[in-house]
There are 2 protein chains.
Amino acid sequence: MTKNYSSEIASPLSSNHEDYLKAIYILEARGEQVTNSVLSEYIGFTPASATNMVKKLSQMDLVIYRPHQAVSLTPTGRRVALEILRHHRLLELFLHKTLDIPWDSVHEEAERLEHVISEALEDAIAASLGYPKVDPHGDPIPTKTGEIGHTPGHPLSQAKAGRAYRLVRVLSQEKERLAYLGRLGLSLNVELFLREQAPFDGPVLVEVAGVEHALAAEMAALLQVVPASAK
Amino acid sequence: MTKNYSSEIASPLSSNHEDYLKAIYILEARGEQVTNSVLSEYIGFTPASATNMVKKLSQMDLVIYRPHQAVSLTPTGRRVALEILRHHRLLELFLHKTLDIPWDSVHEEAERLEHVISEALEDAIAASLGYPKVDPHGDPIPTKTGEIGHTPGHPLSQAKAGRAYRLVRVLSQEKERLAYLGRLGLSLNVELFLREQAPFDGPVLVEVAGVEHALAAEMAALLQVVPASAK
DNA sequence: TCTACAATTTAGCCATGACTAAAAACTACT
DNA sequence: AGTAGTTTTTAGTCATGGCTAAATTGTAGA
């Protein structure tokens with residue numbers, strides 16, 4: 001039950017606190033300005049509730065809050081967020097690899113588990129997986145000390161036709177979307193051949209395991225790929 | 001996230017509600033009269049809080065409450081309690097077998113996880129373990145339909161000296177106690193030879209893997225054994 | 001700069017579920 | 001049966017963290 005960050009934080013954090021911090025981290029990492037509306041929409045509470053909570057997190061020195069400004073994480077806040085994200089992504093991979101939970105389901109399961117696993121369990125999971133670097137969607141797993149790498153690759157929507165690629169990351173956790181990709185045979189590290197890149201944000205034609213599929217531009221933008229030869 | 005009992009229950013239950021129901025179940029199963037003081041002491045809240053909660057559970061038709069009487073579970077309440085207990089015990093075994101978490105630690109870990117796993121995850125865990133019947137302490141695992149067997153065996157403190165036994169259950173979840181037993185080589189299904197049974201609740205002399213140990217009577221009473229030959 | 005619209009914050013409400021202190025109700029002993 | 005002592009319940013407080021509605025602030029266009 002001892003958390004990494006327990007030494008730095010006075011009161012224990014609830015799942016909710018952790019969810020706010022994680023949300024702020026993710027929105028920041030996306031490069032967005034974490035305004036109150038962006039945050040409240042993301043977490044699914046009203047703007048008033050978000051203001052309220054952000055103020056409390058600010059008193060705990062987890063975020064920096066200035067009225068009418070974007071929120072940001074303090075170093076401690078970031079540490080907490082990264083610890084939760086580490087739990088989340090380790091759990092996703094663990095559930096997928098050890099229990100065969102489909103990749104479109106692991107997210108919501110991990111969403112609840114991430115708040116209740118101990119350090120010891122986190123360590124045991126990491127060890128059993130051989131200290132992995134990415135989760136089943138290709139998202140990087142933060143280290144215990146709070147470092148996080150960035151996955152290489154670029155969107156399939158910006159790739160060149162007539163070349164082979166390898167899928168290294170999917171920028172979505174939506175169950176339906178992931179299930180759809182799964183049905184096309186598109187999962188992590190799968191190779192694909194880019195047949196055609198329609199102009200004006202048109203669909204993309206890809207070949208996966210010998211079968212051709214058309215993908216909406218919006219979908220292709222979520223698929224991060226590297227040239228097939230690259231490690 | 002869909003729970004077995006969701007069809008029968010109006011409002012979703014919190015971890016806390018579930019803990020109360022589980023506590024009532026366990027106390028009932030121990031054969032105790034689940035009075036308010038017994039319950040409140042077990043869950044670690046004040047008697048006033050327990051009354052309060054029991055009344056709410058009663059309104060939800062999960063327990064039967066009559067002022068100044070022992071509480072008891074309704075069929076639905078029992079179903080919920082058994083589902084949580086199933087989660088708990090499956091998790092204990094899973095953590096122990098799949099992640100090598102020591103048997104003296106699985107309880108507290110499962111205590112938090114039991115409230116947040118989905119039906120799908122419960123099923124996946126059960127399947128991966130081959131639909132086990134008992135957890136690492138020998139406690140029976142309720143079935144999905146809410147049946148629960150009872151482990152055979154009798155306390156070591158009532159066993160006869162000069163015979164060999166097999167440990168089939170330990171009636172304690174205390175970390176220190178379990179760690180101690182573990183150091184003696186006493187874990188589930190281990191064989192032991194009962195050298196001497198001191199009278200007047202005196203200590204018990206057992207031989208485990210060729211080494212002799214003296215056990216306090218109190219400890220011996222917690223160890224359920226069967227004759228070594230028995231399956 | 002002024003005004004209209006959008007974003008944010010404030011104020012105040014509500015439910016939850018813990019708590020303490022006091023009242024009430026049971027039990028057991030004389 | 002009466003009373004002392006224990007158990008249980010009631011009454012009322014508090015913190016949390018959601019909510020709505022209203023006030024405020026900020027911003028962009030005329």
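Below, read A as the first sequence line, B as the second, and so on, with proteins coming before strands; counting in each chain starts at 1.
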Straight-line distance of [X] [atom1] to [Y] [atom2], nearest 0.5 Å:
| X | Y | atom1 | atom2 | value |
| --- | --- | --- | --- | --- |
| B/His115 | B/Leu13 | NE2 | CG | 11.0 Å |
| B/Thr76 | B/Leu57 | OG1 | CG | 12.0 Å |
| B/Met53 | B/Ser58 | CE | OG | 13.0 Å |

Quiz item: In terms of the angle between their ring planes, are B/Phe94 and A/Phe94 parallel, tilted or perpendicular, with boundaries placed at 30° and 60°?
Solution: perpendicular
Quiz item: Checking side chain to side chain contact (heavy atoms under 4.5 Å, CB included) for the pair A/Leu223/A/Val170: CA distance, chi angles, key distance, verdict?
Solution: CA-CA 5 Å; A/Leu223 304 180; A/Val170 179; 4.0 Å; yes
What are the two closest non-hydrogen atoms of [X] and [Y], and how far apart are they?
| X | Y | answer |
| --- | --- | --- |
| B/Ala221 | B/Pro155 | O-CB, 3.7 Å |
| B/Val54 | B/Leu39 | CG2-CD2, 3.6 Å |
| B/Ala23 | B/Tyr42 | CB-CD2, 3.4 Å |
| A/Val38 | A/Gln33 | CG2-O, 3.9 Å |

Practice problem: Check each residue of residues 34-49 of chain A for a non-hydrogen atom within less than 4.0 Å of any atom in DNA chain D, then write out the ones that pass by number, or none. | Solution: A/Phe45, A/Thr46, A/Ala48, A/Ser49
Exercise. Would you jot down, in residue-number order, the residues of residues 60-72 of chain A having a non-hydrogen atom under 4.0 Å from DNA chain D?
Key: A/His68
Quiz item: Taking the side chain of A/Thr51 as heavy atoms from C-beta outward, which of C/dT10, D/dG18, C/dG17 is closest to it?
Solution: C/dT10
Please state how far atom [atom1] in [X] lies from atom [atom2] in [N], giving the value in whole angstrom units.
| X | N | atom1 | atom2 | answer |
| --- | --- | --- | --- | --- |
| A/Leu13 | D/dT16 | CG | C1' | 14 Å |
| A/Asn52 | C/dT10 | CG | P | 10 Å |
| B/Tyr20 | C/dT16 | OH | P | 15 Å |
| A/Met53 | C/dT10 | CE | C1' | 18 Å |
| B/Gln33 | C/dC26 | CD | C1' | 15 Å |
| A/Lys55 | C/dT9 | NZ | C1' | 6 Å |

Quiz prompt | Phosphate-side-chain proximity, B/Lys56 and C/dA15, N/O vs OP1/OP2 below 4.0 Å | solution = no
Quiz item: Does a nitrogen or oxygen in the side chain of A/His17 sit under 4.0 Å from OP1 or OP2 of D/dG17?
Solution: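 Yes, within the criterion.
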